[in-house]
Amino acid sequence: MTVSFPAVVHAEWIKVRSLRSLSASLMSVFLATAGLSILVCSTLGRPEPDVTDFDPVLFSYYGLNLGQMAALTFGAIAMAAEYKNAGIRVSLAAVPNRALFYAAKLAAVGGLALIVGMITSLTCFFSGQALMDKGLGIGIGDPGALRAVVGCALYFMLISLLSAGLAALLRSVTGALSLLVPLFLILPFVIGDVSNDSGAADFFPDRAGQQVLLQDPSGSLGPWSGLGVLASWSALAVAAGWWALRRRDA
């Protein structure tokens with residue numbers, strides 16, 4: 001009996017949504033990102049007096065750095081949960097084609113992250129712009145606004161896939177996050193400080209991907225080329241995870 005790709009994706013979609021830890025991670029993506037962004041926009045409303053390069057688009061995504069940790073956790077748990085209590089053996093018994101199983105798992109993870117990311121992005125943008133002081137907010141038709149809304153959703157999807165791929169390689173949530181947290185939160189700052197040049201740090205996944213959220217990006221990467229760099233990181237992690245799944249015993 002041949003199992004179709006849509007059927008496997010549907011099964012993985014149900015599996016991902018049924019785990020409480022994954023539902024909590026997805027909810028945390030929204031609450032952390034939108035909650036902090038709305039809080040900051042409503043309490044501050046305007047940049048500090050000495051800020052000369054205020055970006056109203058980026059300001060409305062103030063909570064993104066917190067929310068991305070939840071997205072990374074979601075991707076890692078969604079994939080690594082297969083290796084808990086030998087669950088991967090049951091999954092591969094139902095879907096012996098490992099390429100089909102892996103692709104369906106990634107489609108479910110990426111699809112859910114994209115949906116939640118879009119809801120989060122729309123909430124952050126429209127709420128943030130409405131809460132800013134009069135004259136500072138912009139509309140969806142202004143330069144960079146629509147790109148940022150779409151780009152934020154893609155950003156959450158790509159980092160979730162990056163985390164899922166790494167979790168498939170390491171078969172561990174802890175192992176994946178122990179590499180991803182420094183990669184996203186520590187190394188870009190360390191590299192920038194040590195080299196006295198932010199150029200190298202701009203190619204780290206978070207710095208590159210968040211270029212799409214800038215109304216007027218400047219530097220070595222543009223909004224879409226930066227997102228392309230993040231996509232390359234994700235593709236590398238996904239390829240490494242596939243190598244591990246294909247070569248190792250379940």
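Only heavy atoms go into these numbers, but all of them, side chains included; no hydrogens, no water, no symmetry mates. From a predicted model like this one, the values you see are computed outputs, not experimental measurements.
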Using 0.5 Å steps for rounding, measure from the [atom1] atom of [X] to the [atom2] atom of [Y].
| X | Y | atom1 | atom2 | result |
| --- | --- | --- | --- | --- |
| S220 | F203 | OG | CZ | 4.5 Å |
| L22 | M27 | CG | CE | 13.0 Å |
| L180 | D206 | CG | CG | 11.0 Å |
| I119 | F30 | CD1 | CZ | 7.5 Å |
| F156 | L161 | CZ | CG | 13.5 Å |
| K84 | L19 | NZ | CG | 9.0 Å |

Residue pair F54, M132: steps toward the side-chain contact (heavy atoms from CB on, under 4.5 Å) verdict: CA-CA 12 Å; F54 176 66; M132 287 183 202; 4.0 Å; yes
Regarding S121 and Y61, is there a side-chain donor-to-acceptor distance under 3.5 Å anywhere? yes
K105 versus S91, side-chain donor and acceptor atoms under 3.5 Å: no
Would a single hydrophobic cluster contain both [Y] and [X], if residues Ile, Leu, Val, Met, Phe, Trp and Tyr are joined by side-chain heavy-atom contacts under 4.5 Å?
| X | Y | answer |
| --- | --- | --- |
| W233 | W243 | yes |
| M79 | V90 | no |
| L236 | L227 | no |
| F101 | I14 | no |

Using atom types as modelled and distance alone, determine if a side-chain donor or acceptor of [X] lies under 3.5 Å from a backbone N or O of [Y].
| X | Y | value |
| --- | --- | --- |
| S127 | C124 | no |
| R98 | L245 | yes |
| T43 | L39 | yes |
| S37 | A34 | no |
| S60 | V57 | yes |
| S234 | L158 | yes |

Is any side-chain heavy atom of [Y] closer than 4.5 Å to one of [X]?
| X | Y | value |
| --- | --- | --- |
| C152 | L213 | yes |
| V229 | L221 | yes |
| Q210 | P217 | no |
| W224 | Q211 | no |
| F59 | C41 | yes |
| T120 | T123 | no |
| I159 | L230 | yes |
| E12 | V9 | no |

Starting from the C-alpha separation in whole Å, work towards a yes-or-no answer on side-chain contact (heavy atoms from CB on, under 4.5 Å) for V149 and F126. CA-CA 10 Å; V149 170; F126 286 108; 5.7 Å; no
Salt bridge E82-R171, side-chain N to carboxylate O under 4.0 Å: no
Assess the residue pair L187 and F204 against the criterion (side-chain contact (heavy atoms from CB on, under 4.5 Å)); give the C-alpha distance rounded to whole Å, side-chain angles, the decisive distance to 0.1 Å, and a yes or no. CA-CA 8 Å; L187 287 179; F204 277 77; 3.6 Å; yes
Minimal non-hydrogen separation, [X] against [Y], with atom names:
| X | Y | answer |
| --- | --- | --- |
| Q68 | N65 | CG-O, 3.2 Å |
| M118 | V150 | CE-CA, 4.2 Å |
| V109 | G75 | CG1-CA, 4.3 Å |
| A145 | I138 | CB-CD1, 4.2 Å |
| L183 | P188 | O-CD, 3.3 Å |
| G67 | T33 | CA-OG1, 3.1 Å |

Please lay out, stage by stage, how S25 and I77 fare under the test side-chain contact (heavy atoms from CB on, under 4.5 Å). CA-CA 9 Å; S25 296; I77 294 177; 4.0 Å; yes
Can you tell me if CZ on R247 sees more than 12 non-hydrogen neighbours from other groups inside 6.0 Å? no
Check whether more than 12 heavy atoms from other residues, nucleotides or ligands sit under 6.0 Å from atom CG of D216, and answer yes or no. no
Within 45° cone of F184 ring axis and under 6.0 Å: R207 NZ or CZ: no
Just to verify, what does Q215 make a side-chain hydrogen bond (donor to acceptor under 3.5 Å, both in side chains) with, not counting sequence neighbours? none
